[in-house]
Amino acid sequence: MRVCGCVIALLCSCFVLLAVAQVTHPSEVNALRAVKSSLSDPRKHLKNWNNGDPCKSNWTGVFCFNTVGADGYLHLEQLQLLNMNLSGSLAPELGQLSHLLIL
């Protein structure tokens, strides 16, 4: 009975860790928010960048790896901002997107 309880507790802990870990790396979320704040977006293409997780909530122009990285987080693969009538300068925090392959 005691072993069964330990196994159940271990399985529950693993499930919680997996559920929590499938989010975008916090430094990448902060970088995207900094990029958004440095740009003028008159047509509100990036309005959904205020809500949820970039990889889980399908932020406009944000594309992520389909798998969780070795660190347990999702990472950005592409940032596509063409033809959105954006202006301004890119924030230096863009350098925190270390897994970015396409800009």
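Just the heavy atoms: all of them, side chains too, but no hydrogens, waters or symmetry mates, feed the values below.
Residue pairs meeting the disulfide bond (SG atoms under 2.5 Å apart) criterion with at least one member in residues 70-103, sequence neighbours excluded, do not occur. Residue pairs meeting the disulfide bond (SG atoms under 2.5 Å apart) criterion with at least one member in residues 73-103, sequence neighbours excluded, do not occur. Pairs of residues two or more places apart, or lying in two chains, never qualify as disulfide bond (SG atoms under 2.5 Å apart) while including a residue from residues 66-103. Every pair tested for disulfide bond (SG atoms under 2.5 Å apart) that includes a residue from residues 66-103 fails, sequence neighbours excluded, so the list is empty. For residues 33-42, every residue pair satisfying the side chain to side chain donor-acceptor pair (under 3.5 Å) rule, not counting sequence neighbours, is listed here: K36-N50.
From Q22, atom CD reaches atom CG of L74 across 6.0 Å, with rounding to the nearest 0.5 Å.
S98 is linked by a side-chain hydrogen bond (donor to acceptor under 3.5 Å, both in side chains) to nothing, counting only residues two or more places apart in sequence or in another chain.
When all heavy atoms of L100 and L103 are compared, the pair lying nearest together is CD2-CB, 4.2 Å.
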Per-pair distances, 0.1 Å, donor-acceptor, side chain in residues 79-97, under 3.5 Å, sequence neighbours excluded:
| residue | atom | partner | partner atom | Å |
| --- | --- | --- | --- | --- |
| Q80 | NE2 | Q78 | OE1 | 2.3 |

Solution key, residues 56-71 side-chain donor-acceptor pairs under 3.5 Å, sequence neighbours excluded:
| residue | atom | partner | partner atom | Å |
| --- | --- | --- | --- | --- |
| S57 | OG | D53 | N | 3.2 |
| S57 | OG | D53 | O | 3.2 |
| W59 | NE1 | N48 | O | 3.2 |
| W59 | NE1 | N51 | O | 2.8 |
| T60 | OG1 | H45 | O | 3.3 |
| T60 | OG1 | N48 | OD1 | 3.2 |
| T60 | OG1 | N48 | ND2 | 3.4 |
| D71 | OD1 | Y73 | N | 3.0 |
| D71 | OD1 | H75 | NE2 | 3.1 |
| D71 | OD2 | H75 | NE2 | 3.0 |

